[in-house]
Amino acid sequence: MHWSDVIGERLVSSKTPLHVVNTGITPSGEFHIGHLREILTGEMIVRGIRAQGGDARFCFVVDSADPLRKVYDFLDEAYEQYVGVQLFRIPPPDADGRPDMAAFSSGRTYADHFLEPFLEALKILGVQPELVYNHTEYLTGRYVEHIRTAIRERDKVRDIIERISGRDLPEDWWPFTPVDERGCQTGLQVSHVEGDLIHWVADDGRTGACDITKGEGKLPWRLDWPAKWCNLGVTCEPFGKDHGAAGGSYDTGKELCELLGGTPPEGLTYEWISLRGEGAMSSSSGNTVGPIEALRLVPPEILRYLIASTKPSKAIEFDTGMGLVTLADAYERLLRHDLEAKLEDPEISRRQRVSIEDDIVSTRLSSVADTGERPSAVGVTFRHLAMLVQIRDDDEAVWAMMPEDVGARSEFDARVRRMRHWVNSDHFPEEMRIAVRDAPDAERLSNLAEEEKPLHGALVKQLSDAIASGSWNEATLSRCIPDAAREVEQPLRSAYRLTYELILGVDVAPKLAPLLAAMDPSKALWLITGEPQQAS
RNA sequence: GGGCCUGUAGCUUAGUCAGGUAGAGCGACGGACUCUUAAUCCGUCGGUCGCGGGUUCGAACCCCGUCAGGCCCGCCA
């Protein structure tokens, strides 16, 4: 059973009429594909719940009330003044990483700056969560009761955190993080509580008070999370393995949630995504592939397939090179096969059955539109398209090579655009690059095996004829090689292999006819014969 | 120190929760295909299930130990 159905079934059996699947991310820097796993895992759980006959809301809490932790590498030193200040209260960086005050005064915040492109990526991926800005929840008093309870039960809160996480909290610890008038939490210490006013004193002697009914200050993370669960009625939430470890914030959150009067959600821990050969992704190290960048390389379905087909507990190494082709191959192969029909086969083993069923669900989840259907097979594979855009610079010419059933032009154009972007990027693997030889392979030509000689002669004749008859086009050329092979009664494979070796220097390559047709005929014949040709 | 996750064929992995002869894809190799060959189809090769014990008629699976990688116990998904 597919992981999304396993958790879907568990949730549905709990009898709650409407589930709430929640996700959350702090918009402190550039989003990367690791964050995509959080959201996509959540969205796939929602689909799993529906597939099992239940219903669910899907929320995405933007942790806009969190503070800026430090001046990240991509930020100018000018951000030093904002360290400790809540993200919704600081200006967005401009192209140079400097605070963009003009944008800020028109209402655009630091949080917005990083969130917007991510939301754009989600739209392309067909993910549409209900957005919840955490700072708005604080400002509108949604957490007032939770804060009151936490303050009232301060000792119990402390006990839970110390007992489960094993860390020692200082004597003057309070389950509340106050902020000053700038929204900065650095250097503040709660002095005393007076009703809904949390009084604080700063390192430099300043004093003040936060009115919790006005959303001033916030709960510390370990309480903030369970308070969100209570606020939204969350019944399931996927989270990164950092939160999932024993003694981590999910463990303490469960008990704190009950203390706050709620029921803790089902948790699902997922592993991190790393870049192949680069280690874990981190917003601050700049070692990232953003969701937008990823979507400029690969179709959204394939990105979804990567998440859907990998169990959450498995780490993913995102490979922007050859791995992308392998992934696309696997995905497209599944689409081509009639998996439902395979299930009908009484011969298959129980294990094969399970595996086919998982493939069906994985491909269904890969569909951007939540229709419950599997996407139909693509007219041109990722791999083949990679070749086509290399031999044709003109998109119109690539389109002309498409079969009838390739689908909508707009979708095709998007695929070609992404493919050209990939081919031109340094992610593109060398082994996929098609390069016609600059000059004939003299050594190969002079060392033709005995049985290759008649074949070679037939090839030369066929291609010369094509030039002579003025029919150097794909239709004619696609006949030349097989005809030559037949003429001398040699296997087709040998004929293609020899031609590839002479033209490209490799023995296996994409379809030959379009490649030849796109070449200058005299150049092609020159490479085959080894003798300079008259320009035709 | 305490804990969690992962370790299965050259590569990616299923199977571990409910113990019952180790499955798949890619790659490799071989074959088929008289408009294709990065396509499709068929076949072959390939696994000490990290390692060592234990429980059991029977262990990849349960238990104990151990090694390796990652992570958490400090608001990095």
Side-chain angles (χ1 to χ4, degrees), chain A residues 6 23-26 28-29 31-39 41-42 63 65-67 69-70 72 161 164-167 177 185 218-225 238-252 269-274 279-285 309-317 319 322-323 325-327 329-330 333-334 336 348-356 358-359 381-384 386-387 431-432 434 474-483 485-487 489 491-497 499-500 506-514:
Chain A
V6 171
T23 54
I25 301 174
T26 307
S28 56
F31 282 69
H32 50 70
I33 50 168
H35 294 112
L36 234 35
R37 190 170 204 179
E38 162 103 7
I39 302 288
T41 302
D63 286 321
D66 288 8
R69 228 159 287 121
K70 63 172 188 175
Y72 297 108
I161 293 178
I164 297 178
S165 77
R167 74 192 246 225
T177 306
Q185 65 173 49
K218 72 183 286 284
L219 290 162
W221 164 247
R222 293 229 174 210
L223 277 152
D224 189 54
W225 201 16
F239 41 80
K241 60 174 173 178
D242 47 341
H243 296 313
S249 46
Y250 178 64
D251 272 2
T252 51
T269 308
Y270 60 86
E271 254 283 359
W272 291 24
I273 299 183
S274 60
M281 239 170 296
S282 149
S283 304
S284 47
S285 70
S309 62
T310 313
K311 290 198 299 187
S313 62
K314 288 275 185 184
I316 293 177
E317 268 194 46
D319 180 352
M322 209 50 209
V325 182
T326 314
L327 179 67
D329 275 348
R333 190 179 325 108
L334 290 179
R336 271 200 306 275
I348 58 172
S349 68
R350 194 178 123 269
R351 281 185 180 158
Q352 284 173 311
R353 176 173 300 278
V354 167
S355 154
I356 293 169
D358 281 357
D359 286 341
T381 62
F382 188 81
R383 187 185 276 275
H384 192 56
M387 185 277 294
E431 58 187 293
M432 288 286 291
I434 299 175
E474 195 176 328
T476 308
L477 289 167
S478 66
R479 268 194 302 269
C480 287
I481 314 301
D483 282 351
R486 250 168 267 137
E487 213 175 292
E489 295 181 329
L492 271 181
R493 173 184 285 261
S494 315
Y496 280 109
R497 194 164 273 192
T499 317
Y500 285 134
V506 294
D507 63 2
V508 65
K511 286 192 179 186
L512 196 51

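In what follows, chains are A, B, ... by sequence order, proteins preceding strands, each numbered from 1. Predicted, not measured: the structure shown is a model, and the values here were computed from it.
B:C76 atom P lies 12 Å from atom CG of A:Asp224, rounded to whole Å. Put simply, NE2 on A:His35 is 5 Å from C1' on B:A77, counting in whole angstrom units. In this structure, the CG atom of A:Asp319 is 15 Å from the P atom of B:C11, given to the nearest Å. Taking atom CG of residue A:Asp483 and atom P of nucleotide B:U34, one finds them 13 Å apart after rounding to whole Å. Between the CG atom of A:Asp251 and the C1' atom of B:G3 there is a distance of 9 Å, rounded to whole Å. Across the protein-nucleic acid pair, A:Phe239 atom CZ and B:A77 atom C1' stand 11 Å apart, rounded to whole Å. Per the geometry, CD1 belonging to A:Ile25 stands 6 Å off C1' belonging to B:A77, to the nearest Å. Rounding to whole angstrom units, NE2 of residue A:His384 and P of B:U40 are separated by 12 Å.
Phosphate proximity of B:C75 to A:Lys218: absent, as no side-chain N or O sits under 4.0 Å from OP1 or OP2. OP1 or OP2 of B:U6 has not a single side-chain nitrogen or oxygen of A:Lys311 nearer than 4.0 Å.
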*Report, as a single string ordered 5' to 3', how protein heavy atoms within less than 4.0 Å touch nucleotides 23-28 of chain B: B base, S sugar-phosphate only, - not at all.*
S-SS--
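With C1' as the reference atom, B:C76 and B:A59 are 40 Å apart, rounded to whole Å. The same atom, C1', is picked in B:G23 and in B:G46; the two are 14 Å apart, to the nearest Å. One C1' atom belongs to B:A18, the other to B:G65, and the distance between them is 26 Å to the nearest Å. Only the P atoms considered, B:U66 is 41 Å distant from B:C26, to the nearest whole Å. Distance noted for atom P between B:U8 and B:A14: 10 Å (whole Å).
In this view, A:Glu38 satisfies the salt bridge (charged side-chain N to carboxylate O under 4.0 Å, His left out) rule with no residue, not counting sequence neighbours. Judged as a ring-ring contact (aromatic ring centres under 6.0 Å, His included), and not counting sequence neighbours, the contacts of A:Phe382 are A:Trp422.
The residue among A:His243 and A:Arg222 whose nearest nucleotide of RNA chain B lies closer to the 5′ end is A:Arg222.
Nearest heavy-atom pair across A:Pro238 and A:Thr41 is CB-CG2, 3.8 Å. Taking all atoms of both residues into account, the shortest heavy-atom contact from A:Arg37 to A:Glu271 is NH1-O, 2.9 Å. Minimum interatomic distance between A:Tyr72 and A:Ser28 (heavy atoms only, all atoms of both residues): CE1-O, 3.5 Å. Residues A:Ile481 and A:Thr499 come closest through the heavy atom pair CD1-OG1, 4.1 Å.
Residue A:Asp242 has its side chain nearest to B:A77 when only B:A14, B:A77, B:C5 are considered. For A:Pro482, taking side-chain heavy atoms from C-beta onward, the closest of the listed nucleotides B:G15, B:A77, B:C35 is B:C35. Side-chain proximity of A:Lys241 to the nucleotides B:A77, B:G70, B:C75 is greatest for B:G70. The side chain of A:Lys314 lies closest to B:A14 when the candidates are B:C75, B:C5, B:A14.
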*Report the C-alpha separation of A:Trp221 and A:His243 in whole Å, then their side-chain angles, then the decisive distance to 0.1 Å, and conclude whether the ring pair (Phe, Tyr, Trp, His ring centres under 6.0 Å) test is met.*
CA-CA 11 Å; A:Trp221 164 247; A:His243 296 313; 4.9 Å; yes
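Base pairing of B:U48: no nucleotide in any strand meets the Watson-Crick or G-U wobble criterion (both distances under 3.5 Å). With a 3.5 Å ceiling on both atom-pair distances, the Watson-Crick or G-U wobble partner of B:A24 is B:U12. The partner of B:G1, taking Watson-Crick or G-U wobble pairs whose two distances both stay under 3.5 Å, is B:C73. Partner assigned to B:A68 is B:U6, using Watson-Crick or G-U wobble distances below 3.5 angstrom.
A:Arg222 places a side-chain N or O within donor-acceptor distance of the main-chain N or O of A:Gly248, the cut-off being under 3.5 Å.
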